[in-house]
Number of protein chains: 2
Amino acid sequence: MSDETPRKVRLVIAEDETITREMLARLLALEDDIEVVGTASDGVKALTVLRHQKPDVLLTDINMPQMNGIDLTNTLRREMPDIKVVILTIYNDDDRVFAAIKAGARGYVLKDSPPEETIAAVRAAGKGEALLHPSLVSRVLSEFGRLSTQKAADNAVFAELTDREREVLTEIGKGRRNKEIADRLFISEKTVKNHISNIFAKLEVNSRAEAALLAARQGLV
Amino acid sequence: MSDETPRKVRLVIAEDETITREMLARLLALEDDIEVVGTASDGVKALTVLRHQKPDVLLTDINMPQMNGIDLTNTLRREMPDIKVVILTIYNDDDRVFAAIKAGARGYVLKDSPPEETIAAVRAAGKGEALLHPSLVSRVLSEFGRLSTQKAADNAVFAELTDREREVLTEIGKGRRNKEIADRLFISEKTVKNHISNIFAKLEVNSRAEAALLAARQGLV
DNA sequence: AACTCTCTCGTCCGACAGGACGATTGTATT
DNA sequence: AATACAATCGTCCTGTCGGACGAGAGAGTT
């Protein structure tokens with residue numbers, strides 16, 4: 001009853017090479033549930049098209065004149081966050097893959113993959129899902145684990161801190177000096193120093209810079 | 001030439017419900033490229049089987065007696081890191097999904113998904129790839145972005161830094177003092193101070209703690 | 001009652017940081 | 001040739017930091 005007339009996924013394609021762009025457009029237009037509502041040959045032109053068409057999904061290359069696909073994704077994330085982005089590129093390095101994901105891309109397809117994968121990724125994006133090539137998923141998962149285990153590791157030492165020490169540490173993380181911290185917490189500078197000494201001991205660091213870094217990693221700042 | 005005799009994926013299944021376990025074993029054994037070399041009804045027994053069989057992939061439930069699937073994955077990661085883990089469960093909440101991934105799982109299939117998905121996940125794991133349900137991928141990507149964001153924001157100011165200043169900033173981010181930095185970079189402490197002054201000015205901060213934080217957000221540390 | 005932990009405040013002091021002046025050299029650009 | 005910038009090094013000085021001693025009050029535990 002809800003999907004008796006499945007609304008088509010409205011798609012815009014950004015790709016600088018004319019042949020590739022046109023091929024993509026025609027190929028994707030063949031799908032019953034996809035409607036290509038615009039194309040663009042660079043990032044800036046793509047923005048114009050996107051603003052007018054307000055599509056569901058953007059399929060974009062990374063390497064383009066004027067504005068590359070990742071910057072475009074970043075811009076889109078701020079300006080039109082509802083538009084899902086699928087990256088289609090030849091680049092397979094971690095830097096670009098992670099950058100794209102951080103920028104908000106919800107699909108990442110390699111150009112040497114079969115067209116079905118591109119179609120599936122666009123379709124998934126249209127449904128609010130995400131589709132990455134399995135080899136990419138694996139790398140993202142590894143990085144994910146790396147990012148969040150380090151956080152968990154720091155968690156242990158942070159647990160030793162008292163509430164007051166945590167407050168002081170937060171202030172340190174804001175780059176404040178002892179006197180400032182004292183004024184803000186309505187205690188003497190001496191007390192601040194005591195807390196800081198204790199914090200250093202518990203966190204096993206020797207300077208406020210290091211402490212600030214730990215605080216940052218822990219999300220205190 | 002390399003895949004004339006594709007080696008079968010050796011699989012162990014851990015699942016406490018007998019019916020489900022047997023069904024899974026028989027279903028997966030039907031695949032030409034999968035060989036079920038063992039089953040277990042709880043986490044502890046699974047460990048024993050795994051130690052003997054050294055399979056390529058473990059397909060495991062989360063909710064099991066003795067030892068649950070996530071703890072099992074964690075143990076496996078330390079003891080036999082080569083064994084890929086695919087989680088098969090009814091749980092779909094972020095906590096468990098993320099916990100499983102942090103533990104090192106490289107596949108996560110929901111029990112209400114079609115069997116093909118389980119098969120595909122096992123197959124992907126066997127190839128060192130990862131397969132998650134698209135809706136899970138989407139959530140992992142979001143969390144991933146959340147964990148490692150901000151960055152690009154400060155890019156502008158960082159661009160002003162010279163290479164040498166960036167080096168010095170990196171050292172600051174490690175909590176080193178001026179003299180240490182000087183020794184490491186083979187320059188005088190005075191020069192370090194100069195660089196630091198310039199860094200502060202360019203980053204518009206007043207202390208090394210703040211500078212360290214920016215460096216951290218920028219990924220310099 | 002004795003103990004432990006947290007938070008509070010004090011003095012003294014050496015070490016370090018960072019700003020205020022300065023300067024020279026080399027390289028790249030105009 | 002002139003200009004600009006990056007990198008290097010110098011002295012002086014003030015302020016802050018952080019450790020080394022200290023101690024007292026209050027809450028909670030054993």
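Chain letters run A, B, ... following the sequence lines, proteins first and then strands; every chain starts at 1.
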Problem set entry | N or O in side chain of A:Ser188 less than 4.0 angstrom from C:dC9 OP1/OP2 | yes
For this session: Identify which nucleotide among D:dA6, D:dC9, D:dC21 has an atom closest to any side-chain atom of B:Thr162, counting heavy atoms from C-beta outward.
Result: D:dA6
Exercise. A:His195 side chain N/O closer than 4.0 Å to the phosphate oxygens (OP1, OP2) of C:dT6?
Worked result: no
Problem set entry | Spacing of A:Ile181 atom CD1 relative to D:dG18 atom C1', expressed in whole Å | 13 Å
Problem set entry | Rounded distance in Å - CG (B:Leu185) to C1' (D:dA7) | 12 Å
Exercise. Just how far, in rounded Å, is C1' of C:dT6 from CD1 of A:Ile199?
Worked result: 13 Å
Exercise. Atom NZ of B:Lys179 to atom P of C:dG18: distance rounded to whole Å?
Worked result: 17 Å
Problem set entry | Presence of A:Arg177 side-chain N/O under 4.0 Å of D:dC17 phosphate oxygens OP1/OP2 | no
Exercise. Looking for any heavy atom pair under 4.0 Å, which part of the strands does B:Asn198 touch: base, sugar-phosphate only, or nothing?
Worked result: nothing
Exercise. Are A:Glu79 and A:Arg51 close enough for a salt bridge, meaning some N to O gap below 4.0 Å?
Worked result: yes
Problem set entry | Distance-only side-chain donor-acceptor flag, A:Asn206 / B:Arg176, under 3.5 Å | no
Seminar exercise, completed: B:Leu161 CG to D:dC5 P, in whole Å, measures 16 Å
For this session: Answer yes or no: does a side-chain N or O of B:Arg208 lie under 4.0 Å from OP1 or OP2 of C:dG18?
Result: yes
For this session: Examine the side chains of A:Asn194 and A:Arg164 and answer whether a donor and an acceptor come within less than 3.5 Å of each other.
Result: no
For this session: Kindly indicate whether the side chain of A:Asn194 and the base of C:dC7 share any N or O donor-acceptor pair separated by less than 3.5 Å?
Result: no
For this session: Would you mind reading off the distance between A:Asp183 atom CG and D:dT16 atom C1', rounded to a whole angstrom?
Result: 15 Å
For this session: Compare the minimum distances between each of C:dC7, D:dC17, D:dT8 and the side chain of A:Glu189, then state the nucleotide with the smallest one.
Result: D:dC17
For this session: Please determine if a side-chain N or O atom of B:Ser197 lies less than 4.0 Å away from the OP1 or OP2 oxygen of C:dG18.
Result: no
Problem set entry | Residue pair B:Lys111 / B:Glu15: nearest heavy atoms and the distance that separates them | NZ-OE1, 3.0 Å
Exercise. Between B:Asp93 and B:Arg96, what is the shortest heavy-atom contact and its length?
Worked result: OD1-NE, 3.0 Å
For this session: Tell me whether the OP1 or OP2 atom of D:dA7 has a side-chain N or O from B:Thr191 closer than 4.0 Å.
Result: no
Problem set entry | Integer-rounded Å distance: D:dA27 P and A:Arg164 CZ | 16 Å
Problem set entry | Rounded distance in Å - CG (B:Asn206) to C1' (C:dG19) | 11 Å
Exercise. Where the side chain of B:Ile187 is concerned, which of D:dT8, C:dT6, D:dT11 is the nearest nucleotide?
Worked result: D:dT8
Exercise. Is any side-chain nitrogen or oxygen of B:Asn178 closer than 4.0 Å to OP1 or OP2 of C:dA17?
Worked result: yes
